[in-house]
4 protein chains.
Amino acid sequence: MAEKQVPSTIKDEALVTKRRNQMIRGAVTLFIEKGFHKTTTREIAKASGFSIGTLYEYIRKKEDVLFLVCDSIYKRVKERMEASIDPNQTSVQSLVHAIRSYFQLMDDMQDEVLVMYQEVKSLSRDAQDYVLQKERDMVSMLEQVIFNSLPGQRSETQVKLIANNIFVQGQMWGFRRWILQRTFTIETYTEIQIQLLLEGLNSKVEESS
Amino acid sequence: MAEKQVPSTIKDEALVTKRRNQMIRGAVTLFIEKGFHKTTTREIAKASGFSIGTLYEYIRKKEDVLFLVCDSIYKRVKERMEASIDPNQTSVQSLVHAIRSYFQLMDDMQDEVLVMYQEVKSLSRDAQDYVLQKERDMVSMLEQVIFNSLPGQRSETQVKLIANNIFVQGQMWGFRRWILQRTFTIETYTEIQIQLLLEGLNSKVEESS
Amino acid sequence: MAEKQVPSTIKDEALVTKRRNQMIRGAVTLFIEKGFHKTTTREIAKASGFSIGTLYEYIRKKEDVLFLVCDSIYKRVKERMEASIDPNQTSVQSLVHAIRSYFQLMDDMQDEVLVMYQEVKSLSRDAQDYVLQKERDMVSMLEQVIFNSLPGQRSETQVKLIANNIFVQGQMWGFRRWILQRTFTIETYTEIQIQLLLEGLNSKVEESS
Amino acid sequence: MAEKQVPSTIKDEALVTKRRNQMIRGAVTLFIEKGFHKTTTREIAKASGFSIGTLYEYIRKKEDVLFLVCDSIYKRVKERMEASIDPNQTSVQSLVHAIRSYFQLMDDMQDEVLVMYQEVKSLSRDAQDYVLQKERDMVSMLEQVIFNSLPGQRSETQVKLIANNIFVQGQMWGFRRWILQRTFTIETYTEIQIQLLLEGLNSKVEESS
DNA sequence: CATGAATGAGTATTCATTCAT
DNA sequence: CATGAATGAATACTCATTCAT
């Protein structure tokens, strides 16, 4: 899929995959440290373990590296979400389970998610659309779980908003780490968010204590 | 405050303020359009209505413009929040009122908030700290309102998290506009968020309908 | 005219002219030595007496330098041709005079003409059209002189061809110097060409001796 | 001959010749389209039908391709000139015949001649000397014909110049096509040139009509 | 013999910043 | 105070050439 969008002059497809993985690994670290714009292509090449010339055998433009990084992040997130979500479950417990897995995932991939968050705007319009579609897909997965877990109780728009809230709260753990991770661990963060989500503020004091 | 951090060679303080306002106005538009990195100092000068030489009489480095923009945004946000929040109120209604005002504010300042969100990382460590402190202050204001509205019912950490949730949900309206503003208006978005916040998912269907 | 085609960021027009003349002088020498492609922009800047940054204040692309050079050559050639040709004369002598002046000019500007000859194809289509038009204009001047000098005796196509022959013979003196300048001086070259032109091969031996 | 100047690592001489012919065919087209400098070695390899690695088995440097192309062009021109010229003829008619054949040849090989014209300067000094010598040889052939056709009537320098004129007029048909081929066909061009050559401008009107 | 992946020197171009006027 | 010409470090990208397989 991504290979369709970022052509390479190298014919050996296995090699392309291998080299691009090297690139992505190297680039993420750099993008986290200094951001996309302040990272030079030479640095990316070096961090990837090959020369600048070789780098350009596997991409056309610097932006392609960013695209590859974003694409790879979404791929990994999606895989893990699909592995941890059972769309046939209908209990509230399955929603809670999904949230726990997703928050844990966001904790594991904090850096990557942060990078993506801050740099998508550097992608071309087309690439942005492609990436945002992936995000929509993932929000849809959450919507599905919510819908299954609360059969008939919520309107479509409510479900949409809840899915968005959960999605952003997961990301927020990473991109607002400077404020949240002073007060919470990923576990306390997760449990309190779940509690607030389920009970709301109007629930009695007894329930929430 | 900001003037302390960004020195100017010009003595006339009123003039400094005037010129900097011109700069901020011009720069925000450009940053929204093309981002900080892709905006040149010459473009900023032109959009501000003076020459590149004059621009550098009022700042030291390009980054200063970004700082000035961020600072000005926070100043405006803070002013409006302070105007709309009465810290002595203790009813849930006052929390609801605060949320409504804040979300409306976020709707009005979508572009500015988006810019700030995506570009803070381009500031120096010091400037970032300064700006993030402002953000902490604003979250604190929300915490205060929540605390006053729900006396004794919520733990400190819960209050902190709720404040963060509300704060981010406000920003989310702007930076996830591509997905949210298809489904919601700022009014429906506001009301459903408030409802979800207060009642939670476990509330009976009757209550939520 | 050329200024319309090659915009500069510098406002002071007199300065633009001055700097561009420096550029042209420096560039011609380099182009003669190594050709357009093998000359770097840094070399051009250095030969012009200013920095690479300054160079780019007066042009947009490297190709612009070539255009400026070509344009300046034609301007100078045209000026000298106009000064030495009297379009009201109707004798063969005036044609002979025009040829002599033109060949002398081609001798003086050998290097420049050679450069232009070899590098026009490096210009963009538009620039090429512009330059070739100038060349057409100059051939037309020759046509006019021929037409006036031989009233009623030659068809339009013949005149056209004669003008082209003379024009190319002038240039040939420069771009085939490696073969011609072993055998001829510009004076002998000129006189023999004129003789051949006027008398043709079929003239009797007595006439040509 | 050319093989002496461009060594190959391949032993099989027949194969070397075959591959180089493939190369020349591919390269000429590319050089015509985009010029030598803007044509990459990869493109040449592709157009030749083999890989970049293979290309470099048959040449040492990119310049060698250009040399091979030039050499092949001259070889073909020379062959055709020798086939159409009979050095034993002594009439003016044989000169006219030679000119007609040569102009026709230049019409057939317009593109190749144009390429050579514009790119010889990209060859090394040595290669240029080699190529220019070929050109001298061809001019000599013309000199010979002229000399035989006009026994005793013209001085050596005159003959030299006439040969040069004819030679350049042939090439001019190709490299000034943009101006000439609007007005002339190769046939009218040829006949008028011959007429002008033989009769000169001073011939009476009656003669030229 | 043929292949194509790897290399890195080389180059055009941009842009923040300075400073003389 | 204001201007804008000058600067040159920095950077993305290309492409001839090599060499292991």
Side-chain angles (χ1 to χ4, degrees), chain A residues 8-12 15-16 19 37-46 49-65, chain B residues 8-12 15-16 19 37-46 49-65, chain C residues 8-12 15-16 18-19 37-45 49-65, chain D residues 8-12 15-16 19 37-46 49-65:
Chain A
S8 163
T9 60
I10 303 298
K11 302 188 173 176
D12 183 339
L15 191 57
V16 171
R19 291 274 180 267
H37 276 107
K38 289 194 182 161
T39 302
T40 69
T41 52
R42 295 188 123 85
E43 285 171 325
I44 296 172
K46 191 175 214 175
F50 34 72
S51 71
I52 182 68
T54 301
L55 180 72
Y56 275 89
E57 296 284 336
Y58 294 91
I59 54 164
R60 289 162 312 170
K61 309 164 36 233
K62 185 186 174 192
E63 201 207 285
D64 288 344
V65 182
Chain B
S8 162
T9 60
I10 304 300
K11 305 288 161 76
D12 183 338
L15 188 55
V16 171
R19 290 273 182 265
H37 275 107
K38 290 193 181 163
T39 301
T40 68
T41 50
R42 291 176 130 90
E43 286 171 323
I44 296 171
K46 191 175 208 176
F50 37 71
S51 72
I52 183 66
T54 302
L55 181 72
Y56 273 87
E57 298 286 332
Y58 294 92
I59 55 165
R60 287 161 315 168
K61 307 157 49 223
K62 185 186 175 190
E63 202 207 284
D64 288 344
V65 181
Chain C
S8 163
T9 60
I10 303 300
K11 302 187 172 176
D12 183 337
L15 192 55
V16 171
K18 180 183 160 198
R19 291 275 180 265
H37 278 107
K38 290 195 181 159
T39 302
T40 68
T41 51
R42 295 187 123 83
E43 286 171 324
I44 297 172
F50 33 71
S51 73
I52 183 66
T54 302
L55 180 71
Y56 274 89
E57 296 283 337
Y58 294 91
I59 55 164
R60 289 160 314 171
K61 307 165 36 236
K62 185 186 175 190
E63 202 206 284
D64 288 344
V65 181
Chain D
S8 161
T9 61
I10 305 299
K11 306 287 163 76
D12 182 339
L15 188 56
V16 171
R19 291 272 181 267
H37 276 107
K38 289 193 181 162
T39 301
T40 68
T41 52
R42 291 176 132 90
E43 285 171 323
I44 296 172
K46 192 175 209 177
F50 36 72
S51 72
I52 182 68
T54 302
L55 182 72
Y56 273 87
E57 298 287 332
Y58 295 92
I59 56 163
R60 289 160 314 170
K61 306 158 48 225
K62 184 188 176 189
E63 201 207 284
D64 289 345
V65 181

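Letters A, B, ... are given to chains in the order of the sequence lines, protein chains preceding strands, and every chain is numbered from 1.
Distances from the side chain of C/K11 to the nucleotides F/dG4, F/dA2, E/dA2 place F/dG4 closest.
Note that the CZ atom of A/R19 and the CD atom of A/E57 stand 11.0 Å from one another [nearest 0.5 Å]. Here the NZ atom belonging to B/K46 is positioned 9.5 Å from the OG1 atom belonging to B/T40, to the nearest 0.5 angstrom. Atom NE2 of B/H37 is separated from atom NZ of A/K38 by 5.0 Å, given to the nearest 0.5 angstrom. Here the straight-line distance linking atom CG of D/L55 with atom NZ of D/K62 works out to 11.0 Å at 0.5 Å rounding.
To the nearest angstrom, C1' of E/dC1 lies 12 Å from CZ of D/F50. Whole-Å rounding puts the D/I59 CD1 to F/dT17 P distance at 7 Å. With rounding to whole Å, D/Y58 atom OH is found 8 Å from E/dA2 atom C1'. When the P atom of F/dG4 is taken as reference, atom CG of C/D12 falls 10 Å away, rounded to whole Å. Atom-to-atom, CG of D/L55 to P of F/dT18 comes out at 12 Å; the value is rounded to the nearest Å. Look at NZ on A/K46: it is 15 Å from C1' on E/dT7, rounded to the nearest Å. Regarding C/I10, its CD1 atom lies at a distance of 16 Å from the P atom of F/dT3, rounded to whole Å.
Of all heavy-atom pairs between A/R60 and A/D64, the closest is N-OD2, 2.9 Å. Scanning all heavy atoms of the two residues, the minimum distance from A/S8 to A/V16 falls at OG-CG2, 3.9 Å. Scanning both residues, A/I44 and A/T39, for their nearest heavy atoms gives CG1-CG2, 3.7 Å.
Remark: D/T54 engages D/S51 in a side-chain hydrogen bond (donor to acceptor under 3.5 Å, both in side chains) (not counting sequence neighbours).
Looking at which nucleotide of DNA chain F each of A/E57 and B/T9 is closest to, the 5′-most match is held by B/T9. With DNA chain F read from its 5' end, the first of the two nearest nucleotides for B/T54 and C/R19 is the one closest to B/T54.
Pairing analysis of DNA chain E (Watson-Crick: purine N1 to pyrimidine N3 plus N6-O4 or O6-N4; G-U wobble: N1-O2 and O6-N3; both under 3.5 Å) yields stems of 3 or more pairs at E:2-21 with F:2-21.
In this structure, B/L15 and B/Y58 have side chains that are in contact, with non-hydrogen atoms separated by less than 4.5 Å.
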Grab the N/O contacts between the protein and nucleotides 9-12 of chain F below 3.5 Å, and write none if there aren't any.
{"residue": "F/dA10", "atom": "N6", "partner": "C/R42", "partner atom": "NH1", "Å": "3.4"}
{"residue": "F/dA10", "atom": "N6", "partner": "C/R42", "partner atom": "NH2", "Å": "3.3"}
{"residue": "F/dA12", "atom": "OP1", "partner": "A/K62", "partner atom": "NZ", "Å": "3.2"}
{"residue": "F/dA12", "atom": "OP2", "partner": "A/T41", "partner atom": "N", "Å": "3.0"}
{"residue": "F/dA12", "atom": "OP2", "partner": "A/T41", "partner atom": "OG1", "Å": "3.1"}

